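Read the structure below first, then the notes.
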2 protein chains.
Amino acid sequence: MAGMKKTKLSASLEDYLEAIYNLAGDSNITRSRDIAGQLGVSRASVTGALRALKDKNLVHYKPYNYISLTESGRIAAAEIANKHDILKSFFIDVLGEKSAIAQSAACKAEHALGPEIIARLLSFIEFVNHNSENGRNLVEEFRKFCGTKRNKRKVEK
Amino acid sequence: MAGMKKTKLSASLEDYLEAIYNLAGDSNITRSRDIAGQLGVSRASVTGALRALKDKNLVHYKPYNYISLTESGRIAAAEIANKHDILKSFFIDVLGEKSAIAQSAACKAEHALGPEIIARLLSFIEFVNHNSENGRNLVEEFRKFCGTKRNKRKVEK
DNA sequence: TGACAAAGTTAGGCGTAACTAACTATATTA
DNA sequence: TAATATAGTTAGTTACGCCTAACTTTGTCA
């Protein structure tokens, strides 16, 4: 087939890949420093991740050079980023979560939940959105539903 | 306050704690071997986990003895198991996932998603369930919604 | 009661993923 | 162009979570 075997990425490598994808934008180049900043890790950690991603043919990487995604890297990253965005907007728009928390949860969700659940969850989100446009506004109703419960119980931390 | 500072547990330690909780049942005792079996890890790994849990005062553990949960261990485990069950039934009853997959996803979900999202998600599940009993059967509708989309796209792996 | 099996632990190793500190390469600019 | 600042790498450490192999403890039963 067209694509070669997708070597499964660890949670952390997916994060790196997505960060590169977001940082690189149209130019498709970015730098180690920026990746480190984006992910809040040390520059040394980025170097390590870049080596791993290069091994998997996902990035073009030469020490001291700009970093860019390979074709398969871009495809993989786009897929990750897409699911990520859907989850994030579910967390924000439906569940009403704050952006920053939604962001980091979306990052981790996929690895944790696995492809089957994610696929189903994405469908479900689509369903909720679809309903909220064409039928009953579930999001609105959920908000009200939450309102009626507030103060009835303590949210413990 | 009543409880001492909850030292945050790693994903894996929570899994051990929950396994002990489930295995111990009313008797509140279990054995290393059974924990290993339940989680599919080696006996040696269980020993390591038990030491960590004992350090955090969550289990009574003495080498070569039966294992039981402390009071705070039981409280922590019950909380984990409860959220776990809610998530699992959402995955199964709403999303339509298979039991085994739902099980493992529920295990990991909490660590990954974090307490805020989980709390909101639990509310949302409650909302969906509430609706499916008292109002429109959202679960049914979601199933249909999925049906209309099947065959329109490829689910890639 | 002593041999054996089962249960449990210890020791040592592996992979991942992060860190700091120190080094090297590159870029800027006086 | 030489000094310096910035970027990037290397080496070494730590922590976690798992493994296997070998050892110890405990319980059973002939």
Side-chain angles (χ1 to χ4, degrees), chain A residues 6-20 23-24 27-69 76 80 104 107-112 114, chain B residues 6-20 23-24 27-56 58-69 76 80 104-105 107-112 114:
Chain A
K6 270 188 215 168
T7 14
K8 209 164 58 221
L9 289 173
S10 69
S12 128
L13 286 186
E14 283 202 3
D15 290 345
Y16 282 103
L17 198 64
E18 194 186 351
I20 294 167
L23 289 167
S27 68
N28 192 29
I29 56 167
T30 186
R31 322 205 61 188
S32 193
R33 203 198 80 98
D34 300 318
I35 301 167
Q38 171 96 353
L39 295 177
V41 298
S42 72
R43 286 171 346 239
S45 302
V46 176
T47 301
L50 288 173
R51 267 204 284 248
L53 291 173
K54 185 197 166 79
D55 277 358
K56 297 178 191 304
N57 266 297
L58 297 168
V59 299
H60 296 297
Y61 167 60
K62 269 195 154 180
Y64 298 105
N65 274 50
Y66 286 105
I67 294 138
S68 63
L69 293 173
I80 294 165
S104 93
C107 261
K108 293 169 199 151
E110 231 202 300
H111 321 296
Chain B
K6 269 187 217 172
T7 14
K8 209 165 56 223
L9 289 173
S10 70
S12 125
L13 286 187
E14 284 202 1
D15 291 345
Y16 283 103
L17 197 64
E18 194 186 350
I20 295 168
L23 289 167
S27 68
N28 192 30
I29 58 166
T30 185
R31 320 204 64 187
S32 192
R33 204 197 81 96
D34 299 318
I35 300 167
Q38 171 96 353
L39 294 176
V41 299
S42 71
R43 288 173 341 242
S45 301
V46 175
T47 302
L50 288 173
R51 267 204 285 248
L53 291 172
K54 186 198 166 81
D55 277 357
K56 297 178 192 305
L58 296 169
V59 299
H60 296 298
Y61 167 61
K62 268 194 154 181
Y64 299 104
N65 274 52
Y66 286 105
I67 294 139
S68 63
L69 293 173
I80 294 165
S104 94
C107 261
K108 293 169 199 153
E110 232 203 297
H111 323 293

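This is a predicted model, so every value here is computed, not measured. Letters A, B, ... are given to chains in the order of the sequence lines, protein chains preceding strands, and every chain is numbered from 1.
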Please state how far atom [atom1] in [X] lies from atom [atom2] in [N], giving the value in whole angstrom units.
| X | N | atom1 | atom2 | value |
| --- | --- | --- | --- | --- |
| B:Y61 | C:dA7 | OH | P | 16 Å |
| A:L53 | C:dA17 | CG | P | 10 Å |
| B:Y16 | D:dC16 | OH | C1' | 11 Å |
| B:L39 | D:dG17 | CG | P | 13 Å |
| B:N65 | D:dT24 | CG | P | 19 Å |
| B:R51 | D:dC16 | CZ | C1' | 14 Å |
| A:Y64 | D:dT6 | OH | C1' | 12 Å |
| B:R43 | D:dT25 | CZ | C1' | 13 Å |

Worksheet entry | Verdict with reasoning, A:L58 to A:L9, per side-chain contact (heavy atoms from CB on, under 4.5 Å) | CA-CA 10 Å; A:L58 297 168; A:L9 289 173; 3.7 Å; yes
Worksheet item: In residues 30-38 of chain B, which ones come under 4.0 Å of DNA chain C, going by heavy atoms?
Response: B:R31, B:S32, B:R33
[N] OP1/OP2 closer than 4.0 Å to side-chain N/O of [X]:
| X | N | value |
| --- | --- | --- |
| B:S10 | D:dG17 | yes |
| B:S42 | D:dC19 | yes |
| A:T47 | D:dT9 | yes |

Worksheet item: For B:L69 and B:L17, what are the C-alpha separation, side-chain angles and deciding distance, and is it a side-chain contact (heavy atoms from CB on, under 4.5 Å)?
Response: CA-CA 8 Å; B:L69 293 173; B:L17 197 64; 3.6 Å; yes
Would you call [X] and [Y] a side-chain contact if the rule is heavy atoms closer than 4.5 Å?
| X | Y | result |
| --- | --- | --- |
| B:I20 | B:L50 | yes |
| A:K56 | A:L13 | yes |
| A:Y16 | A:L39 | yes |

Under 4.0 Å between any heavy atoms, over every strand shown, what does [X] touch: base, sugar-phosphate, or nothing? Just pick one.
| X | result |
| --- | --- |
| A:A49 | nothing |
| A:S12 | sugar-phosphate |
| A:A44 | base |
| A:Y66 | nothing |

